[in-house]
Each structure stands twice: as structure tokens, then as C-alpha cells.
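First the structure, in the form of C-alpha cells, and then the observations on it.
Hydrogens, waters and symmetry mates play no part in the numbers below; they use all other heavy atoms, side chains included. These numbers were taken from a predicted model, which means no experiment stands behind them. To find a chain, count down the sequence lines: A is the first, B the second, and so on, and within it residues start at 1.
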Amino acid sequence: MCDHVLSARLLDWYDTHARALPWRVPPDQSRLGRRADPYRVWLSEVMLQQTTVAAVKAYFDTFTSRWPRVQDLAAARDEDVMAAWAGLGYYARARNLLKCARVVANELGGRFPDTREGLQALPGIGPYTSAAIAAIAFDQPATVVDGNVERVMARLHAVQTPLPAAKPELTALATTLTPPDRCGDYAQAVMDLGATICTPRNPACGLCPWRTDCAAHALGIAAELPRKTRKAPKPIRLGTAFVGRRADGAWLLERRPPSGLLGGMLGWPGSGWSENPAAVPPPAPGRWTPLNGEVRHTFTHFHLRLQLQVAHLPEASTPARGQFIAGDTFDPNDLPTVMAKAYHLSRDWFDASD
DNA sequence: TAGGCGTGGAT
DNA sequence: TATCCAAGCCT
């Protein structure tokens, strides 16, 4: 079976089975030459990095409503963008999103580059995202290789090498299959196939347009591929956070350093997080009370158990760390999830002690 | 180059 | 409850 026949069959499948997504031009319109707005393609692709479609949709709507063009986003305040990204995770993406928007708006006349090379020179755009934007927004024959494509290629060709070592081989296989026409639709078609048919567990091989060509299916091992090297177990780290509320209802919060874990995000002052964190003094004088219970949260590479200290602070409080944010201005949705958990647990205590 | 970097849903 | 997993990038 030649590659041309394979890609053509996948495009036929895509014509009737493409997912309808807010950032997507459906195949019937794409075939008429309509292209998606590069800004929206870029925004969706960055949001979708290591993140599910279900989680992205609401954020995409919020961002495109509030900042309809790249110039609007470029002009936004850092703290507003970080707050809008809160809860989506991988906050370096939001920092790079702003950097990228400002380069495009201020140095590139508001237009995204239309080549992989130009795109990949921008902050937060790597090999996958540059190919996705080039293919989807500019219909260039760029090969997208994400987790979906890796899985589909590993099965189609029964690649037994475990990831991530297999990545170069899977990339080469994907490149061979990429057709010269309908590039954007093809890129989205492979990913749709991986997301809806060729799924990690229980692949729906009976519905797959590539079933008769799939080496793993013929061997009965589709669900076992791609093989992966096992990851190390996550260590447990401990920490303390201080949740203070002033008499007028303002909360004592702190902007985290601009890089590293939760970089640039708002949070509660506290200790560092490690196996044995050094004690730190409270961020402001007051009668601090340890809270029963703790916040448990799992990050990419460790489990966190966070002890909380709470206090009513006087109007004249002069904090050594952080800044007060008025109660009617503060929105716990602006916090990363671990900090929002700490807020909700503390809030119970404040409400009970009022 | 391998490890840092979030989150919520599925199993 | 614990683990895996999702449209990766940066250093």
C-alpha cells in the first residue's frame, strides 16, 4: 500500500469524522480554501500543549473574547494574562505566550511568520507547534509529530522501540506519510485519529480507516504500543503557607518569582517545598494558627503536602512579604490550583471564626 | 540531555 | 488511592 493511498483514505475519513472545535475550520470550508486565523491557531496550539481539549475550550473562549487579536494580547498587562491562565497549568506557556505576542505585534507588524523556521524562533513555539501552525494556518506540508502521531505511527508500523528513544524513527515515518496537498487538514486528521480512534487504551480498531494497513493490529498488539520507559516514582515534599486576612477583608498574597514552579503566579507566602523545608517566619506579625488538615496536591514530578497557618491581621498590618489585595478585587480563580485549594481550606476557618 | 514544569479526568 | 495520561518547550 503506497503512502498516497493511505493519506487519501485518512482525509476521506476526516471529511466525515472531523471533530468540530472552536479554533478549527471544518473540512468542507477548508477544501474551499478558507484558513483559520493564525492567531487563533497559535493560541489554541499553545493551550493544547500537554493539555486536553476539554480543559482548553473555556480558556480559549475567554482569551479570544477578551483579546481578539494578537495586538490586544500584546498590550495586556502581565498579571491579567497570568490570572486568565490560572488553572490551566504549565505557566511558562503563559509567560512565553505574552513574549511571543509582543514580538509578533511590535516587531513583525502583527503577522505571524508563515514558515516553520520563522515560527520556531518565537518563544514557546517548538518543533510540534511550528509545524502545526505552518500546516493549519498556512497550509504548508509540515509534519506534525505530537503524542497522537507518535502513537499512530508506532502502531501502524509496529515500532517496538520504547519512547522517547523511538521519537526520531516515528518522526521519519510520519514525514513519509505527509501528503503535499490539504496539509492542514491532514495534520488535524492524524491527530483526530489518535484522539478518537487510535486511543492510548482500548483503541477502536474496528472503526479505523487504516485498520487493514496497521501492523500492530495484524499482530494483535495495537493496545500495547507505543512502549514507554517507566517513570520514576514521585517523591513527597512538604511545605507551609500563610493565609492572612486583614480586618477590612484584604488578603495577603505574593507574586512568585518570574521563573520556576508556578513562576509569575500569585500565591500565599510560605516556606520552600522540599523533603525537609526550613522554617520561615510569618509574612506579617499576628497570631498565626496552624490549621487542621493540609492541602495535598500533585505536580508533574512530586507530591506536595502543604500545612497552612491562618491569621486575622490588623488594619495597620505591615507585612514583611507580599501585598494585600482587597477582598472585592481578589478572585481565587486567579490562583494556580494548589493556591486555590489553600484558599478554600482557609476560607472555612475564616468563615467559622467570624 | 534529561529533568523541570500543572492539571483534571479516566481507569 | 495510585497511576497514567493529554495537540511540548525550555534549559
Side-chain angles (χ1 to χ4, degrees), chain A residues 19 21-24 36 40-60 82 85-97 99-100 119-137 142-152 163-165 167-168 171 174 184 186-196 198-203 223 226-237 256-265 267 273 296-304 333 335-341:
Chain A
R19 288 177 292 173
L21 299 171
W23 45 85
R24 178 177 280 184
R40 292 166 63 91
V41 174
W42 162 73
L43 180 61
S44 66
E45 290 299 342
V46 173
M47 286 183 167
L48 286 162
Q49 289 167 5
Q50 298 288 285
T51 308
T52 59
V53 167
V56 164
K57 279 181 175 171
Y59 286 86
F60 182 81
M82 299 312 288
W85 196 276
L88 199 55
Y90 283 136
Y91 298 98
R93 294 184 295 171
R95 304 192 300 267
N96 285 328
L97 191 80
K99 287 185 196 166
C100 181
L119 287 160
Q120 206 167 318
L122 294 167
I125 300 183
Y128 163 75
T129 305
S130 64
I133 299 172
I136 298 169
T143 301
V144 296
V145 183
D146 69 337
N148 287 307
V149 177
E150 289 175 358
R151 185 170 58 256
V152 170
L163 284 168
K167 189 168 174 85
T171 298
Y186 178 80
Q188 294 174 96
V190 204
M191 292 190 284
D192 273 20
L193 186 72
T196 65
C198 197
T199 49
R201 285 174 286 230
N202 303 316
R227 305 200 189 282
K228 296 190 178 183
T229 54
R230 286 197 74 79
K231 293 163 191 165
K234 299 183 200 299
I236 297 173
R237 293 187 187 174
R256 296 176 62 86
S259 65
L261 187 67
L262 308 180
M265 299 299 290
W273 300 340
R296 291 195 176 200
H297 190 76
T298 298
F299 293 93
T300 311
H301 53 295
F302 65 93
H303 301 288
L304 176 67
N333 293 318
L335 300 177
T337 298
V338 64
M339 300 298 177
K341 287 182 182 176

Of the candidates C:dC9, C:dA6, B:dC5, the side chain of A:T52 sits closest to C:dA6

Identify whether any heavy atom of A:R296 sits under 4.0 Å from a base atom; if not, whether one sits that close to sugar-phosphate; answer base, sugar-phosphate or nothing.
nothing

Using a heavy-atom cut-off of 4.0 Å across all strands, would you classify A:P233 as base, sugar-phosphate, or nothing?
nothing

Under-4.0 Å side-chain N/O to phosphate OP1/OP2 contact, A:Q50 with C:dG8
yes

From C-beta outward on A:H301, which listed nucleotide comes closest to its side chain: C:dA6, B:dG4, C:dC10?
B:dG4

So what does A:G87 touch, heavy atoms closer than 4.0 Å: a base, only the sugar-phosphate, or nothing?
sugar-phosphate

Side-chain atoms of A:R151 come closest, of B:dT7, C:dA6, C:dG8, to C:dA6

What is the separation between atom CH2 on A:W85 and atom C1' on C:dC9, rounded to the nearest whole Å?
12 Å

Once you apply a heavy-atom cut-off of 4.0 Å, does A:I125 come out as touching a base, just sugar-phosphate, or nothing?
sugar-phosphate

Answer yes or no: does a side-chain N or O of A:T337 lie under 4.0 Å from OP1 or OP2 of B:dG8?
yes

Rounded off to whole Å, could you give me the CE-to-C1' distance for the A:M191 and C:dG8 pair?
13 Å

Under 4.0 Å: is that the gap between some side-chain N or O of A:H297 and OP1 or OP2 of B:dG6?
no

Rounded to the nearest angstrom, tell me the gap between atom CD1 in A:I133 and atom C1' in C:dC9.
13 Å

Is it the case that the base of B:dG4 and the side chain of A:T300 share a donor-acceptor contact (distance under 3.5 Å, atom types as modelled)?
no

Base, sugar-phosphate or nothing for A:L21? Non-hydrogen atoms, less than 4.0 Å.
base

Could you check how far NZ of A:K57 sits from P of B:dG9, rounded to whole Å?
14 Å

A:Y91 and A:A86 have their tightest heavy-atom pair at CE2-CA, 3.9 Å

May I ask you to say what A:K228 touches in the nucleic acid, namely base, sugar-phosphate or nothing, with a heavy-atom cut-off under 4.0 Å?
sugar-phosphate

Carefully, step by step, assess A:T143 and A:Y186 under the rule side-chain contact (heavy atoms from CB on, under 4.5 Å).
CA-CA 9 Å; A:T143 301; A:Y186 178 80; over 6 Å; no

Phosphate-side-chain proximity, A:Y90 and C:dA6, N/O vs OP1/OP2 below 4.0 Å
no

Judged by nearest nucleotide, the residue sitting upstream toward the 5' end of DNA chain C, A:Q120 or A:K234, is A:K234

Could you state the CG-C1' distance from A:L88 to C:dA6, rounded to the nearest angstrom?
12 Å

Rounding to a whole Å, what distance do you find between A:E45:CD and C:dG8:C1'?
11 Å

Hey, does A:P164 reach any base, or is it just sugar-phosphate, or nothing, if we go heavy atoms under 4.0 Å?
nothing

Can you tell me how far P in C:dC9 sits from the matching atom in B:dG8, rounded to whole Å?
22 Å

Output the single nucleotide from C:dT3, C:dC5, B:dG6 whose closest atom is nearest the side chain of A:R230.
C:dT3

5′-ward residue of the pair A:R201/A:L262 relative to DNA chain B
A:L262

Have a look at A:W23 and say if it touches a base, only the backbone sugar-phosphate, or nothing, with a 4.0 Å heavy-atom cut-off.
base

Atom-to-atom span, CZ of A:R93 to P of C:dT11 - whole angstrom:
16 Å

Gap between atoms CE and C1', on A:M47 and B:dT7 respectively (whole Å)
14 Å

The residue, A:L48 or A:L122, whose nearest nucleotide of DNA chain C is more 5′ is A:L48

Please report the shortest heavy-atom distance between A:P203 and A:C198, naming the atom on each side.
CB-CA, 4.3 Å

I'd like to know whether the aromatic ring centres of A:H301 and A:F299 sit less than 6.0 Å apart in this structure.
no

Quick check: does any side chain N or O of A:R237 sit under 3.5 Å from a backbone N or O of A:F302, one acting as donor and the other as acceptor?
no

Can you confirm whether the side chains of A:E45 and A:Y128 place a donor and an acceptor under 3.5 Å from each other?
yes

Tell whether A:T298 reaches the base of B:dG6 with its side chain through a donor-acceptor pair below 3.5 angstrom.
no

Listed nucleotide nearest any side-chain atom of A:T129, set C:dG8, C:dA6, B:dT7:
C:dG8

Quick one: is B:dG4 close enough that its OP1 or OP2 comes under 4.0 Å of any side-chain N or O from A:K231?
no

Classify the side-chain pair A:Q188/A:R24 by whether it contains a donor and acceptor separated by less than 3.5 Å.
yes

